[in-house]
Amino acid sequence: MSSTSPLIHNFSAGPCILPPSVLQQASEAVSELDGSGLSLIEISHRSAAFVEVMEEARALVRSELSLPDHYEVLFLQGGASLGFLTAAMNFTPAGGSMDYAVTGTWAKKALKEAKKMGTAQALTSSEDTGFDRIPALPPTSGADAVHITTNNTIYGTQYAGDPSVDKPLVADMSSDIFSRPIDIERYACIYAGAQKNMGPAGTVLYIYDKRRAGQTGRDLPSYLDLTVHADKDSMFNTPPVFAVYTSMLTLRWLKSEGGVAAMQKRNAAKAACIYAEIDRNPLFQGYAQPDSRSVMNATFTAADDQHTPLFLEACTAAGINGLKGHRSIGGFRASMYNALPLSSVETLVEVMKEFERTHG
Ligand SMILES: *Cc1c(COP(=O)(O)O)cnc(C)c1O
C-alpha cells in the first residue's frame, strides 16, 4: 500500500480511512507492544508501557491543538452518542440551560439527550431546508452555554471556523477535530468520537476547560462526571486500549505531517477539487448551500436520479469505496478525512468526468 496511490480509495464517512503506516503499526502492536513480549490487548492497562501510551496520546492532543494548561484531555468510552448526555450533564448547571444550534441529525440527538438533563432548547435550526445550511447564531437568551455540531457529517455542512457567541461553546467535533487549528478559548467543552478523523471506533475524546467543570451543583454518576476521570488521569476504569493506542499513532502521524495547519491546507485543496467538479459537471448537483459546505464531507446528488446506481457502479469499478450518501438524503457523499490523499479525490473527479462523457 502506498500513501499516494492506494488500491482502494476510501471515502467512508466513518469509521474512517487511517494512514497505512498507522494500520501497520497498530497491527504490529496487537502482536507485541514495543518489544514487551506482550500484546497491546493483553497487557495490563496499569503497566508502565500502557500508562505511557495514554500519557503520550493526551500530550499529543494538547500539543497539536495548542491547549493551554487549564484545559483537560480525556479518552473515554460511549462514543459521541454518550457525549451528547455527558456534555450537557457537566456543563449545564442545575437550574441552568443550554442553547442548541440544530444543524443536523446528530445535533438533534444531542438536544434530545440534553432535554433529559434539564433545560435545553433550540437556538436556531436549519431543519426546514433539509439541513442544507449553517444558520447564523442569534444572540442567546438566558442559556449558560451554546452547543454546536461543528461539522454535520450526514448533510455535509460545516461552520467556517469557530463561531463567536456571547456564551461559552460546547461542541461535538466528531467529524472535523484535527482538521484545522481551533480557537480553543471559545470552548467550554469539545467532544469527538475517534472514528471519523482520529482513529478507530471505541474511544471518544473530551477536551474541556477545567475552570468551568465540576460546577453544576449536581451529584453526577461517577462514570458520567468528567472530573472523576480527570482525577484518575483518564484511567478511572479500564480504558479502550486498542482505540487509544491507535488514536495515539494517528496523532503521531498528524504531527509528523505538519500538524493541523498542514491538514487544513490539504483538506482545503481536496474540497476545492471535488466542489469544482460538482459545480462544473451538469450531471451532478451539490446538496449543501455553497457558503455552508463542509471540507470533510461533500454531499451531492445526480441531476437524473436514474443515474444514481449507475454512478455508484462506476465508482466501485474504479476502486472507490463508501460514496453512497446517507439514507436520509440519498445521492453521494465523499468523506475526505485527514488520511485521504488528494489523489483519491482526483480519481473520483476523473470518474465523474468519464461519467459525463458516457452518460451526458
Ligand atoms: C458519527 C457522529 C456521531 C455519533 O458518534 P458515535 O461515536 O457513533 O456515537 C455524533 N456526532 C457526529 C457529528 C458524528 O459524525
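Whatever order the structure lists them in is the order used to number ligands and atoms, beginning at 1.
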- prompt: What residue and heavy atom of the protein are closest to atom 15 (O) of ligand 1, and at what distance?
  reply: T153 OG1, 2.5 Å

- prompt: Within a reach of under 6.0 Å around CZ of R327, are more than 12 heavy atoms found that belong to other residues, nucleotides or ligands?
  reply: no

Ligand-residue contact atoms, ligand 1 with G79, heavy atoms, under 4.0 Å: 7 (O), 9 (O)

message: Could you tell me, atom by atom, which parts of ligand 1 come under 4.0 Å of a heavy atom of F84?
response: 10 (C)

- prompt: Are L18 and V260 connected in a single hydrophobic cluster, I mean Ile/Leu/Val/Met/Phe/Trp/Tyr linked by side-chain heavy atoms less than 4.5 Å apart?
  reply: no

Atom pair CD (E72) and CZ (R212), whose distance is rounded to the nearest 0.5 Å: 16.0 Å

message: Checking the side chain of D209 only, and the main-chain atoms of Y71 only, is there a donor and an acceptor separated by less than 3.5 Å?
response: no

query: Closest heavy-atom contact between A57 and L251?
result: O-CD1, 3.9 Å

field: Protein heavy-atom partner closest to atom 8 (O) of ligand 1 - residue, atom, separation in Å
entry: Q195 NE2, 3.4 Å

- prompt: Quick one: nearest non-hydrogen protein atom to atom 11 (N) of ligand 1, plus distance?
  reply: D172 OD2, 2.6 Å

message: Considering non-hydrogen atoms of the protein only, which is the closest contact for atom 9 (O) of ligand 1, and what is the distance?
response: S81 OG, 2.6 Å

- prompt: Starting from atom 5 (O) of ligand 1, which protein heavy atom do you reach first, and at what distance in Å?
  reply: A80 CB, 3.5 Å

task: Work out whether the distance between some heavy atom of V204 and some atom of ligand 1 is less than 4.0 Å.
output: no

query: Any chance the side chains of D166 and T140 put a donor and an acceptor closer than 3.5 Å?
result: yes

query: Counting both backbone and side chain atoms, is some N or O of G78 under 3.5 Å from an N or O of ligand 1?
result: no

query: What part of Y191, side chain from CB on, backbone N/CA/C/O, both or neither, has a heavy atom under 4.0 Å from ligand 1?
result: neither

Residue, atom name and distance, where the atom is the protein heavy atom closest to atom 2 (C) of ligand 1: K196 NZ, 2.5 Å

task: Please list all pairs passing the side chain to side chain donor-acceptor pair (under 3.5 Å) test where one or both residues lie in residues 306-324, with sequence neighbours left out.
output: N10-N321, D305-T308

- request: Please report the shortest heavy-atom distance between K196 and S175, naming the atom on each side.
  value: CB-CA, 3.7 Å

statement: Quick note on ligand 1: atoms under 4.0 Å from a heavy atom of N151 include exactly 13 (C)

